[in-house]
Amino acid sequence: MQAAATSPDRTDWPLILLMWLAGLGTAGQYAKISVIYDQLPEIYPHAGSALGFAVSLVGTVGIALGVVAGLLVGRIGPRRAVLAGLTLGAALSFAQAPFPPLPVFLALRVLEGAAHLALVVALPTLIAQVATERDRGLALSLWSTFFAVAFTLLTWIGLPFAARAGLGALIAAHGGVMAIMALVLARRLPVVMAAPQPVRLAELLAVHARIYSDPAISAPALGWLFYTLAFLAVLTVIPPYLPEDMRALTLGAMPLMSIAASLTLGVWLMNRLGPVTVVILGFVLCALISVALWAAPGAPVLALALGAALGLVQGGSFAAVPVLTETPDTRALANGGLAQMGNLGNTLGTPVMATVLLGMGYGGLMGVLAVTFGLGAATHLALAASRRRHSAQKRL
């Protein structure tokens with residue numbers, strides 16, 4: 001058992017920014033395919049529905065192995081996991097760039113899912129390690145923006161680049177970014193854990209029970225499930241109800257509102273209330289705004305408010321990990337749970353909400369979203385009560 005992690009005397013912001021940049025490359029493992037997905041049939045004209053796996057295979061690996069990744073990162077150390085993930089990710093992008101036969105391409109995407117997992121577990125674990133206790137909320141709120149920022153950059157910059165240089169050049173450029181970050185971080189990352197320890201099969205089978213039976217380790221992940229169930233669905237199924245002349249502007253601004261709220265109001269509130277309370281507040285606001293959107297369908301100001309409220313959940317969820325856990329290995333397990341539940345929510349969210357929309361209409365969708373957000377808040381409240389009971393029992 002490791003000792004509790006100690007807080008450094010000062011926050012290493014240059015290193016945190018480098019790790020955040022590596023996070024943009026990590027999110028790019030999804031985004032590089034998502035932004036060109038409509039063009040893939042030109043490369044694989046006979047693939048049909050199998051092309052959908054080009055995106056989803058990365059996520060399904062996370063559902064199956066997210067917690068296992070948390071255990072492995074805790075054992076080999078987050079530094080080794082980051083460098084291995086970046087190196088493997090770079091090699092896989094270079095291998096994908098020529099667009100090999102579809103079965104080979106999909107196999108490479110499965111392997112990329114493993115690299116992605118290593119990074120999304122290890123990077124926030126390291127960020128928490130090199131930030132002071134006071135700055136962790138801000139540092140992890142910054143980390144929480146990596147997906148939205150990466151998708152925005154690949155849409156604004158990556159697509160025009162692909163149009164000029166070709167789709168393969170975009171994939172290769174992503175590999176170059178990952179390789180550069182591996183070289184840079186190899187020189188900058190601290191060694192914060194002991195030598196690698198072997199992982200036994202029995203531990204792999206028991207680790208899920210350890211995480212999800214612990215109200216501290218599991219809380220960020222279980223709350224994150226409800227966030228991810230709703231987030232992509234909101235961006236996917238709500239757009240047709242927005243005014244056509246405001247649709248593009250509103251959709252582009254919603255992720256930016258999430259980022260802005262997370263880094264400003266979210267950080268301010270976390271310093272006063274703690275990250276778990278901020279997550280609960282964010283879920284409650286999301287539920288209330290969903291009801292308001294039912295009463296005023298497609299109101300752009302409410303859609304932007306929903307984006308801002310989601311930002312509170314987003315930043316607070318990552319910042320809760322080092323508050324609720326004390327050692328690097330338990331933080332790695334918590335981040336592994338986050339990865340697993342996040343991939344599960346992302347995979348199920350859009351089809352579930354689309355099915356609700358078809359069966360119950362817009363009002364039903366808003367009702368289900370409100371319930372989903374309410375369940376997120378209720379889950380955190382129940383786990384907080386469980387932690388208080390456990391703490392009281394220890395004092396007796």
Side-chain angles (χ1 to χ4, degrees), residues 1-8 11-12 15-16 19-20 22-23 26 62 65-85 116-144 146 185 189-197 199 203 207-225 270 274-276 278-279 314-342 380 383-384 387 390:
M1 177 65 68
Q2 293 181 335
T6 57
S7 180
T11 298
D12 192 340
L15 177 57
I16 287 172
M19 288 192 278
W20 179 74
T26 303
L65 300 178
V67 167
V68 175
L71 178 62
L72 291 173
V73 167
R75 287 303 176 89
I76 71 172
R79 181 182 190 276
R80 294 182 182 90
V82 166
L83 297 180
H116 179 83
L117 266 180
L119 291 165
V120 297
V121 172
L123 282 167
T125 301
L126 273 170
I127 288 172
Q129 197 74 11
V130 301
T132 64
E133 185 174 350
R134 177 178 177 80
D135 289 337
R136 276 180 192 145
L138 176 58
L140 288 164
S141 293
L142 173 66
W143 166 255
S144 75
F146 75 109
L185 288 176
L189 285 179
V191 178
V192 296
M193 299 188 71
Q197 303 174 45
V199 176
E203 289 179 291
V207 69
H208 286 78
R210 178 186 174 189
I211 291 175
Y212 294 114
S213 65
D214 189 311
I217 298 176
S218 65
L222 293 177
W224 195 242
L225 171 63
M270 277 189 278
V276 172
V278 170
V279 172
Q314 173 184 294
S317 294
F318 283 99
V321 171
V323 171
L324 296 176
T325 56
E326 296 182 346
T327 64
D329 62 336
T330 55
R331 289 173 183 171
L333 289 177
N335 284 318
L338 267 169
Q340 184 175 53
M341 290 295 103
H380 266 291
L383 291 170
R387 291 192 297 272
H390 288 183

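- Looking at every heavy atom in both residues, Q340 comes nearest to Y212 through OE1-OH, 2.7 Å.
- Side-chain contact between P78 and Q129 is absent, with no heavy-atom pair separated by less than 4.5 Å.
- Using a 4.5 Å heavy-atom threshold, the side chains of V130 and I16 count as touching.
- Residues A339 and V121 approach most closely at CB-CG2, 4.3 Å, considering heavy atoms.
- Using modelled atom types, one side-chain atom of T11 and one backbone atom of T132 make a donor-acceptor pair closer than 3.5 Å.
- Here the closest heavy-atom approach between residue A332 and residue T125 is recorded as CA-OG1, 3.7 Å.
- To the nearest 0.5 Å, the span separating CH2 on W143 from CG on L126 amounts to 10.0 Å.
- Residues T330 and R210 form a side-chain contact, since some pair of their non-hydrogen atoms from C-beta on lies under 4.5 Å apart.
- Side-chain contact between V120 and F146: present, with at least one pair of heavy atoms (C-beta onward) separated by less than 4.5 Å.
- When side chains are defined from C-beta on, P124 does not count as touching V321, because their heavy atoms never get closer than 4.5 Å.
- Within the 4.5 Å cutoff, the side chain of L324 has heavy atoms near those of the R387 side chain.
- When side chains are defined from C-beta on, L189 counts as touching M19, because their heavy atoms get closer than 4.5 Å.
- Nearest heavy atom pair, residue S141 against residue M270, reads OG-CE, 3.0 Å.
- A distance of 7.0 Å separates OG of S317 from CG of L338, quoted to the nearest 0.5 Å.
- Listed here is the closest heavy atom pair of A221 and M341: O-CB, 3.3 Å.
- For the pair P190/L15, a side-chain contact is recorded, criterion being any heavy-atom separation below 4.5 Å from C-beta on.
- If you take CG on L138 and CD1 on I127, they are separated by 11.0 Å, rounding to the nearest 0.5 Å.
- With rounding to the nearest 0.5 Å, the separation of CG in L140 from CG in L123 is 11.0 Å.
- Closest heavy-atom contact between A319 and P275: O-CG, 3.8 Å.
- Atom CD1 of I217 sits about 11.0 Å away from atom CG of N335, to the nearest 0.5 Å.
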